[in-house]
Amino acid sequence: MSILSGKNILLGITAGIAAYKTANLVRLFIKAGANVKVVMTPASKDFITPLTLSTLSKNPVVSSFTNDEDDNAMWNNHVELGLWADLFLIAPATANTLSKMANGTCDNLLLATYLSAKCPVYFAPAMDLDMYKHESTKMSFETLKSFGNVMIPATSGELASGLIGEGRMAEPEDIVAFIEKDVLDKLPLKSKKILITAGPTYEAIDPVRFIGNHSSGKMGFEIAKAAANLGAQVILITGPSHQTVSHSLIKVIRVISAQDMYEQAHQYFEDVDIAILSAAVADYKPKYIASQKIKKKESTFTIELEKTKDILKSLGEIKKQQFLVGFALETNNELQHAKGKLESKNLDLIVLNSLNDKGAGFGGSTNKVTFITAAHDILEHELKSKTEVAQDLMQQILKQTHA
Ligand code: CTP
């Protein structure tokens, strides 16, 4: 899955011949899973039609402050458009538009949107070789870079004028690859490794029966996604769960029992920077696993149980650089119990779920959590979706690790 998946990408098109390539650019962004809107300068419509772009982007294309063909002309809100965007790409960017951007000129909707946008801005210049080399164009490049805008350099080749040299807009595939790499490089957890445990464990009684619990694994899968979206390489060790995830930064390891999970967690722990143990691991397992299906005979039946290994505690005992996070599901004296686990398991952070809170804990798609840090700061959160709880957790970890 591309890092651009789910991102809102605003594509600004200006009047260069390379505008014809933006149809492919829109298609590639959509294929990467992004939402795309297009803003054009009026003159760029001579090179590619808004109909082509609205069809491919599945969104209306705007090019002027109002739609003046309509008697009830509507104002095209550049501020809203600028705020909607997670990323603004101007491609092709002509010398004229780049100069106006560098000087704060605002005589069309695209430029007004540029001035309103708070998101990262990329520009892919396209012009003839002498224009590309001109001192004033170079000044525009430098000014825009000093604003924090990112230039996707033009390439060399045959230009529309017939001349050969630098000034061709980078190919759409290369623009997408450039942006993907740049976005990834700037993510706060780039090059960090995170181990996450999720879901229940099943402890076998005989070949057909087990002791398990109602954990769905959803919370752990959401944490994995939130971590990967911040650029982390995630190893997700999950017990039996229907959850699935497809993300280039997430490696899923499926296990059954607490012992399997323990072994996998220990195999990866040494190498990771952060470990988040959200699995609902069975505390006890049958002491003996019957090799054949147990037949019903007596009116009562007893299974002798023995403790499983506490994965979190064992990692707390050997941790070095790792930031270790645990979960606590409690029904009474919640804070006291959670603080106890924080200390006895040598954690940096514990996420407390109280079963007394409606909507918290197993199964559902919401959770209500309280974070308790090693310094005993207590941070209570409202009932939120598990997706949001996962994002809050990652933000808390970023804060504590200063990543
Ligand atoms: N945990 C673990 N391995 C176990 C049991 C628990 O890694 N064998 C982890 C869980 O993933 C969770 C944390 O420990 O992050 C808290 O688990 P919990 O079952 O609530 O706590 P326990 O220490 O088992 O205490 P109790 O069941 O008595 O509340």
Side-chain angles (χ1 to χ4, degrees), residues 194-204 210-224 227 234-241 243 253-270 272 274-287 305-319 322-357 360-363 367-374 386 389-390 393-394 396-397 400:
I194 303 196
L195 169 74
I196 296 169
T197 67
T201 63
Y202 287 179
E203 308 305 325
F210 60 83
I211 299 171
N213 62 64
H214 291 297
S215 168
S216 63
K218 191 164 173 46
M219 192 68 246
F221 275 71
E222 289 298 337
I223 297 168
V234 178
I235 296 139
L236 173 62
I237 304 171
T238 178
S241 163
Q243 303 290 321
I253 297 170
R254 294 192 182 266
V255 297
I256 308 285
S257 68
Q259 181 62 28
D260 300 340
M261 191 176 273
Y262 175 92
E263 283 165 19
Q264 291 295 333
H266 275 265
Q267 185 175 328
Y268 289 98
F269 185 66
E270 197 178 302
V272 302
I274 298 165
I276 305 169
L277 274 67
S278 69
V281 186
D283 286 330
Y284 290 92
K285 62 177 181 181
K287 191 164 181 184
L305 300 177
E306 66 178 3
K307 265 194 177 165
T308 56
K309 288 181 189 147
D310 189 324
I311 306 166
L312 183 57
K313 194 167 197 292
S314 67
L315 298 183
E317 281 160 9
I318 58 166
K319 82 166 184 189
Q322 298 91 342
F323 186 90
L324 189 56
V325 184
F327 274 66
L329 181 63
E330 306 292 342
T331 55
N332 62 312
N333 290 338
E334 294 95 329
L335 277 178
Q336 193 192 332
H337 283 140
K339 280 183 191 167
K341 283 177 192 172
L342 180 86
E343 263 158 34
S344 68
K345 301 192 186 195
N346 194 21
L347 309 181
D348 299 286
L349 176 67
I350 194 157
V351 181
L352 165 64
N353 287 150
S354 168
L355 270 193
N356 295 322
D357 288 322
F362 281 3
N367 207 352
K368 185 172 182 328
V369 296
T370 301
F371 297 150
I372 307 168
T373 69
K386 285 186 175 170
V389 172
L393 175 60
M394 294 317 301
Q396 179 62 31
I397 294 171
Q400 285 185 247

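Start at 1 and go down the list; that is how both ligands and their atoms are numbered. The basis for the numbers below is simple: all heavy atoms, side chains too, and nothing from hydrogens, waters or symmetry mates. These numbers come from a predicted model, not from an experiment. The first residue of the sequence shown is numbered 1, and numbering continues consecutively from there.
Residues meeting the salt bridge (charged side-chain N to carboxylate O under 4.0 Å, His left out) test with E334, sequence neighbours left out: none. Scored by the salt bridge (charged side-chain N to carboxylate O under 4.0 Å, His left out) test, K313 finds E317 as partners (sequence neighbours excluded). Considering only residues two or more places apart in sequence or on other chains, K319 meets the side-chain contact (heavy atoms from CB on, under 4.5 Å) condition with F269, Q322, L324, N346, D348.
Q259 and E263 share a side-chain donor-acceptor pair at under 3.5 Å.
When all heavy atoms of A338 and I350 are compared, the pair lying nearest together is O-CD1, 3.7 Å.
Protein residues having a heavy atom under 4.0 Å from any atom of ligand 1 are L277, A279, V281, A282, D283, T308, K309, D310, I311, L312, G326, F327, L329, K341, K345, listed by chain and number.
Interatomic distance, I237 CD1 to I196 CD1, rounded to the nearest 0.5 Å: 10.0 Å.
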